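Presented below is the structure to which this report refers.
In this text, all values refer to a predicted model and were calculated from it rather than measured experimentally. Residue numbers start at 1 and run along the sequence shown.
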Amino acid sequence: AYISAIEDWKIAETNGQAKVNLAVIDMTQDTINTIKNINIEEELNSWITKYCLCQVTLCNITDWVGSPPASGTEHLIAKGLEAISKKILHGEAVALGTIIATEIQGQRQQEAIDIFKKLQINLTLSNFDLTKEDLALALFQGKEKGQKKAPHHPWAGLSAGFWWSRRRIFYRFARPFIGHGVGRTGT
């Protein structure tokens, strides 16, 4: 989530809706790098402390500066996915939302995919009884929830025309995941 949420925070600053804290961005990136270096194939006790400390750090960051570096578009998309699929867990929905958000942002998508593959998070749409159409619906629902939750959110004010014009991105994004999990070998 932090990968796409940080990019949202930067967009909000560009639009005059927020002020980015560079120290927090650096801390968040350090934490993301630590997570990238965790090897879950090793014994649990060799990496779980690092992982827990990363989570504590990220929680503290949200206490210090609020939710912008932790909860952006990926969480709005996740809420829509959770409303559609009863099989998807919150973390899985956020992971899928992160992939979609980074595609739309044009930033850091491969980095997010690589992290989810390494952590063996399966993001196959069929695994959650989801279709490409469900993804599009989740995006629209996320936009509506965003307007209610945070009218200053960088995506909250976007028109239905904007979302409709982006449908090709969503379908292009969704195609590789239909029947192919990010966490599966060979994908």
Side-chain angles (χ1 to χ4, degrees), residues 1-13 18-105 107-125 127-128 130 138 142 145-146 149-150 152-155 177 181-185 187:
Y2 288 85
I3 292 172
S4 55
I6 285 174
E7 297 304 321
D8 279 347
W9 200 17
K10 291 175 183 176
I11 292 168
E13 182 178 55
K19 179 73 174 132
V20 169
N21 182 317
L22 295 178
V24 168
I25 298 255
D26 287 345
M27 287 177 64
T28 303
Q29 188 57 53
D30 288 344
T31 303
I32 291 168
N33 290 338
T34 299
I35 291 171
K36 286 164 61 171
N37 290 321
I38 289 175
N39 182 356
I40 65 168
E41 298 296 326
E42 294 177 0
E43 288 192 36
L44 182 65
N45 63 3
S46 71
W47 60 267
I48 193 67
T49 301
K50 283 189 247 180
Y51 179 80
C52 289
L53 288 173
C54 287
Q55 294 303 317
V56 168
T57 301
L58 295 173
C59 287
N60 283 330
I61 287 170
T62 60
D63 284 344
W64 300 330
V65 296
S67 66
S71 181
T73 302
E74 75 290 328
H75 273 83
L76 297 178
I77 296 167
K79 291 290 185 191
L81 292 170
E82 290 166 338
I84 295 167
S85 173
K86 302 305 175 206
K87 292 178 75 174
I88 198 165
L89 299 173
H90 179 69
E92 294 165 330
V94 171
L96 193 52
T98 299
I99 300 295
I100 296 168
T102 55
E103 169 72 18
I104 294 166
Q105 294 165 345
Q107 301 284 335
R108 303 177 74 177
Q109 184 183 48
Q110 192 58 52
E111 180 182 8
I113 289 171
D114 291 346
I115 290 171
F116 299 139
K117 279 184 179 180
K118 186 173 183 175
L119 297 175
Q120 299 177 8
I121 298 172
N122 185 339
L123 298 179
T124 305
L125 293 177
N127 189 48
F128 309 115
L130 293 169
K145 291 176 190 297
K149 178 181 176 188
H152 63 278
H153 189 280
W155 286 23
F177 294 97
V182 169
R184 289 189 185 167
T185 305
T187 60

task = Would you tell me whether S4 and E74 have side-chain atoms, one donor and one acceptor, within less than 3.5 Å of each other?
result = yes

Residues forming a side chain to side chain donor-acceptor pair (under 3.5 Å) with S46, sequence neighbours excluded = E42

Which side-chain N or O atoms in residues 89-101 pair as donor and acceptor under 3.5 Å with protein atoms at least two apart or in another chain?
{"unit_1": "H90", "atom_1": "ND1", "unit_2": "E82", "atom_2": "OE2", "d": "2.6"}
{"unit_1": "E92", "atom_1": "OE1", "unit_2": "L89", "atom_2": "N", "d": "2.8"}
{"unit_1": "T98", "atom_1": "OG1", "unit_2": "V94", "atom_2": "O", "d": "2.8"}

ask   = In Å, rounded to the nearest 0.5 Å, how long is the span from CG of L130 to OG1 of T124?
value = 11.0 Å

key: Residue pairs fulfilling salt bridge (Lys or Arg N to Asp or Glu O under 4.0 Å) with at least one residue in residues 18-39, sequence neighbours excluded   = E13-K19, K36-E111

ask   = Can you list the residues that meet the side chain to side chain contact (heavy atoms under 4.5 Å, CB included) rule with L53, with sequence neighbours excluded?
value = T49

key: Close side-chain approach of I32 to I35, heavy-atom, < 4.5 Å   = no

key: Inter-residue atom distance T102.OG1 - R108.CZ, 0.5 Å rounding   = 9.5 Å

inquiry  = Return the CD1 to CD distance between I25 and E7, rounded to the nearest 0.5 Å.
reply    = 7.5 Å

key: For E43, all residues meeting side chain to side chain donor-acceptor pair (under 3.5 Å), sequence neighbours excluded   = none

key: Side chain N37, main chain N33, donor-acceptor under 3.5 Å   = yes

ask   = With K87, which residues qualify under side chain to side chain contact (heavy atoms under 4.5 Å, CB included), at least two apart?
value = S85, D129

ask   = Quick one: CD on Q107 to CD1 on I6, what's the gap to the nearest 0.5 Å?
value = 11.5 Å

inquiry  = As an exercise, state the distance from CG of D8 to CD1 of I3, rounded to the nearest 0.5 Å.
reply    = 12.5 Å

note = Residue set satisfying side chain to side chain contact (heavy atoms under 4.5 Å, CB included) with L22, at least two apart, ordered chain then number -> V20

message = Strictly by ring pair (Phe, Tyr, Trp, His ring centres under 6.0 Å), give each pair with a member in residues 23-51 just once, sequence neighbours left out.
response = none

inquiry  = Contact between E41 and Q120 at the side-chain level, heavy atoms closer than 4.5 Å - yes or no?
reply    = yes

task = Enter the distance from I88:CD1 to L81:CG here, rounded to the nearest 0.5 Å.
result = 5.0 Å

ask   = Does L58 offer a backbone N or O that forms a donor-acceptor pair with the side chain of Y2 under 3.5 Å?
value = yes

remark   = Residues N122 and F128: closest non-hydrogen pair is O-CZ, 3.3 Å

inquiry  = Please find the pair of heavy atoms, one from T31 and one from T57, that lie closest to each other, and give the distance.
reply    = OG1-CG2, 3.7 Å

